[in-house]
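Have a look at the structure below, then the notes.
We name chains A, B, ... by the order of the sequence lines, and we start the count at 1 in each one.
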Protein chains: 2
Amino acid sequence: MAKHKPQLERRRPPVQSRSRATVDELLAAAAQVFESHGYAAGTTNRIAQVAGVSIGTLYQYFPGKDAIAVALLERHIVETEERLRDWAARAATGRWGLRATLNGYVTVMMETHAGRPRLQHILLEETPLPARVHQDLLKSERRAAATVTEVLHRYPEIRRPHLDQVGFLVVQTVESLTHRFAAHPDEQVMPCDRFLGELVLMLTAYLVGPAR
Amino acid sequence: MAKHKPQLERRRPPVQSRSRATVDELLAAAAQVFESHGYAAGTTNRIAQVAGVSIGTLYQYFPGKDAIAVALLERHIVETEERLRDWAARAATGRWGLRATLNGYVTVMMETHAGRPRLQHILLEETPLPARVHQDLLKSERRAAATVTEVLHRYPEIRRPHLDQVGFLVVQTVESLTHRFAAHPDEQVMPCDRFLGELVLMLTAYLVGPAR
DNA sequence: ACAGAAAGTGAGTAATTACTCAGATTGTAG
DNA sequence: CTACAATCTGAGTAATTACTCACTTTCTGT
């Protein structure tokens with residue numbers, strides 16, 4: 001369908017407030033359309049329509065469909081890192097026990113995906129992302145693992161060796177279970193709050209449990 | 001792109017061995033093509049080409065693209081349930097400790113996705129599945145949880161209440177972490193065998209840990 | 001007021017692709 | 001061998017869709 005191969009850089013940077021609002025509208029519309037239709041079926045025409053602008057305007061600010069997905073993903077990475085930093089800062093005050101800290105972490109992650117549970121999945125798995133973005137994702141995930149590891153260091157009841165790998169597994173576990181539960185919840189078998197509680201229980205048991 | 005809306009039933013059931021082989025070829029080709037291109041970009045023409053038959057032959061046995069994905073998914077559900085039954089039977093001999101049993105479960109699940117790590121994700125998330133198939137998936141997942149719960153009942157060291165919900169969380173955890181690790185392994189931070197070991201450790205700690 | 005820049009429009013284009021069909025080829029029963 | 005069914009072929013069709021461009025409208029500085 002693509003006539004030419006477009007770049008990934010924004011074409012014309014918005015300078016007036018009107019155009020900045022348009023770009024915001026476009027991103028919001030894209031999030032909604034991708035969430036409900038998937039990447040391939042989320043057409044650029046539909047995105048423009050939902051945003052309330054013409055298709056030409058869309059291509060004035062984004063050189064191609066991929067670029068929109070990349071922008072959404074990069075925005076999500078930034079937001080997630082912000083939330084994680086906030087959580088780490090709160091944990092660093094030392095007023096919380098391990099369990100409350102883990103509870104906070106899982107809650108933050110669930111909130112992050114509460115609004116559009118499928119979107120991150122779609123961006124990650126269905127979108128042809130350039131290698132650069134994959135690198136960014138990997139780096140961001142490693143930073144998250146490092147942050148979590150650092151927080152865990154504050155709790156002497158954790159006696160497990162290789163805390164960095166432990167932090168990595170915690171991040172992976174929370175991330176993947178949160179995604180899964182947000183996207184396909186089985187409220188019949190396990191309601192959301194119970195799921196959260198059990199997950200925190202599992203993580204706590206893992207961290208303070210016998211080293212072997 | 002679709003002119004008419006096709007059904008999901010196979011058009012002409014293969015009766016000669018030649019055509020049965022053709023259908024197998026088509027499914028194998030579809031698995032390969034979807035795995036490497038995703039659902040939307042995995043074209044029917046390409047599937048037919050990889051299978052070594054003409055596009056017309058493909059449509060003689062499958063009424064539409066979706067039907068191929070559904071067939072692949074149903075096949076995967078059957079295979080997974082078989083593997084799970086085998087594992088439960090082995091666990092029922094009573095010769096394994098809890099840890100070995102969990103290790104076996106995780107190993108089985110990792111093996112299931114080792115060959116085509118992305119395929120299940122693609123079928124589940126990118127394919128427009130009819131409601132019937134989603135029901136089947138949910139049912140299959142619940143059966144898996146029931147099987148695991150039953151196995152866990154054999155181990156008196158597990159004192160946790162609501163074993164059915166515990167079994168459900170174990171299934172969800174293993175399923176989602178296995179998918180994630182098969183699809184995007186970060187061998188640099190955590191090699192596969194170490195990942196398996198830590199996951200088993202986490203599950204064990206969760207199951208035998210303090211009830212509160 | 002006005003020139004030029006920024007922003008927006010949407011019908012149209014070229015490429016892609018799911019699917020069809022008229023007929024050729026291969027297997028099989030009597 | 002013959003008739004018929006099963007199987008296979010692949011060029012062609014209609015629908016879809018990413019993207020362009022010639023043009024209009026709105027804003028801003030002077």
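With C:dC19, D:dC19, D:dT7 as the choices, the nucleotide that has an atom nearest any side-chain atom of B:Ser19 turns out to be D:dT7. Among the nucleotides C:dA18, C:dA6, D:dC8, the one closest to any side-chain atom of B:Ser54 is D:dC8. For B:Lys65, taking side-chain heavy atoms from C-beta onward, the closest of the listed nucleotides C:dA18, D:dT9, C:dG27 is C:dA18. With C:dT9, D:dC8, D:dT28 as the choices, the nucleotide that has an atom nearest any side-chain atom of A:Gln60 turns out to be C:dT9. Of the candidate nucleotides C:dT20, C:dA7, C:dG27, C:dT20 has the atom lying nearest to any side-chain atom of B:Tyr59. With distances taken from any side-chain atom of A:Tyr61 to the nucleotides D:dT9, D:dA6, C:dG8, the minimum falls on C:dG8. Taking only side-chain atoms of A:Thr44, from C-beta outward, the nucleotide of D:dA18, C:dC19, D:dT7 with the closest atom is D:dA18. Set against D:dC8, D:dC19, C:dA18, the side chain of A:Ile55 has D:dC19 as its closest nucleotide.
A donor and an acceptor atom, one from each side chain of A:Glu198 and B:Tyr206, are located under 3.5 Å apart. Of the N and O atoms on the side chains of A:Ser140 and A:Asp136, not one donor lies less than 3.5 Å from an acceptor on the other residue.
One can place NE2 of B:His37 at 14 Å from C1' of C:dT17, the figure rounded to the nearest angstrom. Rounded to an integer number of Å, the gap from A:Gln49 CD to D:dT17 C1' is 14 Å. Rounded to an integer number of Å, the gap from A:Phe62 CZ to D:dT20 P is 15 Å. Here D:dA5 presents its P atom at 16 Å from CZ of B:Arg18, a figure rounded to the nearest Å. With rounding to whole Å, A:Leu58 atom CG is found 16 Å from D:dC21 atom P. To the nearest angstrom, C1' of C:dC19 lies 11 Å from CD1 of B:Ile68. Summarising the geometry, the separation between CZ on B:Arg46 and C1' on C:dT16 is reported as 13 Å, rounded to the nearest angstrom. Separating the CD atom of B:Glu25 from the C1' atom of D:dT7 is a distance of 15 Å, rounded to the nearest angstrom.
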ask   = Taking it one step at a time, do A:His37 and A:Gln32 satisfy side chain to side chain donor-acceptor pair (under 3.5 Å)?
value = CA-CA 9 Å; A:His37 293 81; A:Gln32 183 194 312; over 6 Å; no
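Here the side chains of A:Leu73 and A:Leu137 are in contact, with some heavy-atom distance below 4.5 Å.
Both A:Val53 and A:Asn45 sit near DNA chain C, but only A:Val53 has its closest nucleotide nearer the 5' end.
Checked against the 6.0 Å centroid criterion, the rings of B:His113 and B:His76 qualify as a close aromatic pair.
Within 4.0 Å (heavy atoms only), B:Thr57 reaches at least one base atom of the nucleic acid. Using a 4.0 Å heavy-atom cutoff across all strands shown, B:Thr43 reaches sugar-phosphate atoms only and no base atom.
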